Amino acid sequence: MKLRFEVDGDEFVLAGEASSKLKKVLMQLGISSQLIRKIAIAMYEAEINMVIHANGGFIDAEITPDKVFVSLSDTGPGIPDIELAMKEGYSTASDKVRELGFGAGMGLPNMKRYTDDMKVTSEVGKGTTVELTVFIS
Amino acid sequence: MEEYFHSVTLQEDKCIGCTDCIKRCPTEAIRVRHGKARIINERCIDCGLCIRVCRSHAKKAITDPLACIGKYAYKVAIPAPTLYAQFKDVLDINIILTGLKRIGFDEVFEVAKAAEMVTKESAKIIKSQTMKRPIISSACPVIVRLIQIRFPSLIDNILSVMSPMEVAARTIKAKLALQGMDPSSIGVFFISPCAAKATNAKNPLGFEESHVDGVISMRDIYMSLLPVLRSIEHPEVLRLSTEKGIGWAAKGGEGHCLGIDNSISVDGIENVIKILEKVENGKLEDVDFIEGLACIGGCVGGPLTVENSFVAKNYLSKIAKYTKNNSAKIDIYLSDIQVDLTWSKEIISKPVLTLDQDMIKAIQKLEELEKIYERLPQINCGSCGAPTCRSLAEDIVREQANIEDCIFMLREKVRKMAQEMVELSQKLPPSISSRDKK
């Protein structure tokens, strides 16, 4: 089962729509609520990041009986030092974004915490792809 | 699926089969079939929104008639504090409580008092730091059922304390038992602003059996009570509650009573859904307590109330003020009455949205659903009887509807068939001469 969502980078308030839709789909598939919550939290963080840093992008989700795989790709500025970005509390968010309650530097660490596998590939000036996997046991 | 009682039901003869209710139902639990609305029982959470929006008044909450109290030798009324806010210029609760005794009840026990008992127990649990944050109030039964169906991952966040209605029933029964009364002779009746409470008295959440023997609609009792109230000059002193318990009737009352500052109080089921989405996304873990109420304004906005929610809120504030300063109160000693307020039964998720128990089949059905949805006009007109094109697609894969139920799809099919007919009509057998063809 493959699904594609477009994330609009201009509308900050719409961020989270794709996660909401995927959540509904996962419920229809009968995936346990604990797993859905993990996926929801990780994907929501990633989706917000796409809007804040990269002006939106595309989300591809693939669901098979053994795992949920979500790939989020943008053509934003890219992450120069992924290792640094993965550190808790490290943030490059603007004051405006922080005022909205985001940008605490927990986005990427949270994605890692709530998934079984997480891969970030990025090229400065080209964009970033975040791949999240949660296994269904 | 086990037999499940619902308070909200349809009066077939009044239903005209329009789309008003199907469009507003927060759990997409209604379909129009054969010209009449059909409630999908396992999806209905008894929020009563359909009762409110139906212009033909075809949706009704099943409650018990006042006459049914006659079945019991000793009749106890347990009024929700919302009842106090239904009468203009009645500021002393004792008048209303006395009125209940005049219309046939032997005793009254205020749910507002029970709310204060619930508050104490809740505060203990919240303080103990054993529960996941944010803790979600269990006071509104609609919200608990909503979580079961749409937000099962939040079940562990629900405060596992009985509702004030249940605590009131248990407390008064325990008190009367101590006085030596035969339990089978006692009938305890909740005076309700809400359909979901009627459901809860029959199918409780969090414990096996409710001690409430009947639920009477506030609307039904209003007409009996109103003329009596006007004639009461010297009311009995029956009040047990304070303004805090009374405040539970409106939004924010529970949180205020608990004294928790770091809380969210949200009313209106659509707003509650938005907040629960945020909780599920892990965005509100820094909040201690969430009070979610399905009705606008809280219980004063319940579907079985008489007075408008906002006007009732005004009355309630006046009553609370009067109660604090003027109204007489009795202090009964409840300390020797032991009632366990915590839930004894786990709340389980109700996976009514799942397409198939077998995940491989569920995936196939979902792929099919997406394909069907792509073909549909996606304007959510509701003419097929389902609230949205997506829900029609879902009904089709569940084999409960056909794609031709969509009038646009049907029209397209008819046009194609008509075209084929025209083409066919032009194809004459070669045996017919060209002269005839003309």
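Basis for what follows: all heavy atoms, side chains included, without hydrogens, waters or symmetry-related copies. Protein chains get the first letters and strands the later ones, always in sequence-line order, with residue 1 at the start of each. In this text, all values refer to a predicted model and were calculated from it rather than measured experimentally.
Using a 4.5 Å cut-off between heavy atoms, I39(A) makes no contact with chain B at all. I136(A) touches chain B through its side chain: at least one heavy atom from C-beta onward sits under 4.5 Å away, while N, CA, C and O do not. Contact annotation for L35(A): neither backbone nor side-chain heavy atoms come within less than 4.5 Å of a heavy atom of chain B. Within the 4.5 angstrom heavy-atom criterion, atoms from both the backbone and the side chain of P152(B) approach chain A.
Ranked by non-hydrogen atom pairs under 4.5 Å with chain A, the options L355(B), L353(B), L369(B), L366(B) are led by L366(B).
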Compile the donor-acceptor pairs, distance criterion under 3.5 Å only, formed between chain A and chain B.
| from | atom 1 | to | atom 2 | distance (Å) |
| --- | --- | --- | --- | --- |
| M1(A) | N | E367(B) | OE2 | 3.2 |
| S20(A) | OG | E277(B) | OE1 | 2.8 |
| K23(A) | NZ | E277(B) | OE1 | 2.9 |
| K23(A) | NZ | E280(B) | OE1 | 2.9 |
| M27(A) | O | T354(B) | OG1 | 3.2 |
| Q28(A) | O | L355(B) | N | 2.6 |
| Q28(A) | NE2 | E394(B) | OE1 | 3.2 |
| R37(A) | NH1 | S153(B) | O | 3.4 |
| E45(A) | OE2 | K283(B) | NZ | 3.4 |

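Listed by chain and number, the residues in a side-chain contact (heavy atoms from CB on, under 4.5 Å) with I348(B) amount to none (sequence neighbours excluded). For P65(A), the side-chain contact (heavy atoms from CB on, under 4.5 Å) partners are I360(B), I363(B), not counting sequence neighbours.
For residues 126-137 of chain A, every residue pair satisfying the salt bridge (charged side-chain N to carboxylate O under 4.0 Å, His left out) rule, not counting sequence neighbours, is listed here: K119(A)-E131(A), E123(A)-K126(A).
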